[in-house]
Protein chains: 2
Amino acid sequence: MEGPTNISDVIEKYLKGILEDAEQVEIRRSDIADQFNVVPSQINYVIKTRFTIQNGYIVESKRGGGGYIRIEKVNLLADADVLDNLLNDVVGDSINQHDAYAIVNSLFNDGVLKEREANIILSAIDKDTLNVADREVENTLRARILIGVLNRLRFED
Amino acid sequence: MEGPTNISDVIEKYLKGILEDAEQVEIRRSDIADQFNVVPSQINYVIKTRFTIQNGYIVESKRGGGGYIRIEKVNLLADADVLDNLLNDVVGDSINQHDAYAIVNSLFNDGVLKEREANIILSAIDKDTLNVADREVENTLRARILIGVLNRLRFED
DNA sequence: TATAATATAGTCAATATTAGTCAAAGATTG
DNA sequence: CAATCTTTGACTAATATTGACTATATTATA
């Protein structure tokens, strides 16, 4: 008998309802805030907690006159589960170059990544590219980049 | 799906529309300003924010009688020097997300990068991925990653 | 030819119009 | 009651619009 109990859930459902029929929604933040009688920054909260790339959404925005927030729904790829497993089991919040190379290489061998794609990732997480003095900072950064990229690759446009 | 509600975007689209079929556009600033009912200096604003070299455009102009503004589309990889200059002058050792995005997008539009490749690079240099407290550190890191990746692609073939 | 008048475009700063960040306060949950 | 999630609002940042002032090139005229 109980519907959603908080307004964030209501706003989430409203936006996802639109995305049932459309590829994307484009809103003016203050319009939605007015419509649901909340402060504008609550829209940011809803988006940040409920429209992440992990959930299959890409968000773009622009400030100033004619500004907007656009939420786009992206579809899961067939390879998504392979990437899921890696993300959950292998990549922690820190990873060294050797282990990261092994992951990218295995994705290439499995056909998930093309050669050129693998090379791009490898140079992005290369220790000479990152060039951070502290080894642990370097490994943390590498983990974030790898996670960010692999999460993006779970989806098509 | 509404169009842009700010006039700068409209003018941008108008000019880019012409550039679909032509190598370059040449305009009289006041003509375009009249046509879209804006002050002349807004044309400068549109050009300065949307027709930069990182977007893949070169702009020349002349004042006085018979004056003009000419916008030319360039391929960032057609001439190796163009990319060199871009990497040295625009990326340098620090670049913000907005400018970096423009470069990657131009390379995609020029056919240098496939969509998936562009997406990989974009997620690697995204500010939420890098997630560095200090803005300048973030921009430095982004510059190194972008340069590392692009150089790798450049010399791979 | 020198100079003045005219016709362009460029720069910059003020103002307006959006969205983003962050942390404190409040509410819910386990 | 501790941890987590939600709500709020003050402050920040980015983008767009406008117009006064400046710089430069061409054309007309003395």
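Quick caveat, the model's predicted, so the values are computed rather than measured. Chain naming here is simple, since letters A, B, ... match the order of the sequence lines and numbering starts at 1 in each.
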Criterion side-chain contact (heavy atoms from CB on, under 4.5 Å) against B/Tyr57, the qualifying member of B/Glu72, B/Lys73, B/Gln24, B/Arg50: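 Running side-chain contact (heavy atoms from CB on, under 4.5 Å) over B/Glu72, B/Lys73, B/Gln24, B/Arg50 with B/Tyr57 returns exactly one hit, B/Lys73.
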
From the options [options], select the nucleotide whose nearest atom is closest to the side chain of [X].
X: B/Asn6; options: D/dA14, C/dT21, D/dA16; result: D/dA16
X: B/Arg28; options: C/dA19, D/dT8, C/dT8; result: C/dT8
X: B/Ile69; options: D/dG19, C/dG10, D/dA16; result: C/dG10

Polar pair under 3.5 Å, donor/acceptor by atom type, side chain A/Ser41, base C/dG20: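 No, no donor-acceptor pair under 3.5 Å.
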
Side chain A/Arg63 and base C/dG20 donor-acceptor under 3.5 Å: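 A donor-acceptor contact between them is absent.
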
Would you indicate what [X] reaches in the nucleic acid, counting non-hydrogen atoms under 4.0 angstrom: base, sugar-phosphate, or nothing?
X: A/Gly65; result: base
X: A/Arg70; result: nothing
X: B/Arg135; result: sugar-phosphate

Can you see if the side chain of [X] gets near the phosphate of [N] - specifically, an N or O under 4.0 Å from OP1 or OP2?
X: B/Lys62; N: D/dT26; answer: yes
X: A/Lys48; N: D/dC5; answer: no
X: A/Gln42; N: D/dT6; answer: no

Flag if over 12 foreign heavy atoms under 6.0 Å of CG, B/Asp93: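 Count not over threshold, so no.
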
Beyond-backbone contact of A/Ile58 with A/Phe51, side-chain heavy atoms, under 4.5 angstrom: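 No, their side chains stay 4.5 Å or more apart.
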
First of B/Asp128 and B/Glu60 reached from the 5' end of DNA chain C, by closest nucleotide: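 The residue whose closest nucleotide sits nearer the 5' end is B/Glu60.
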
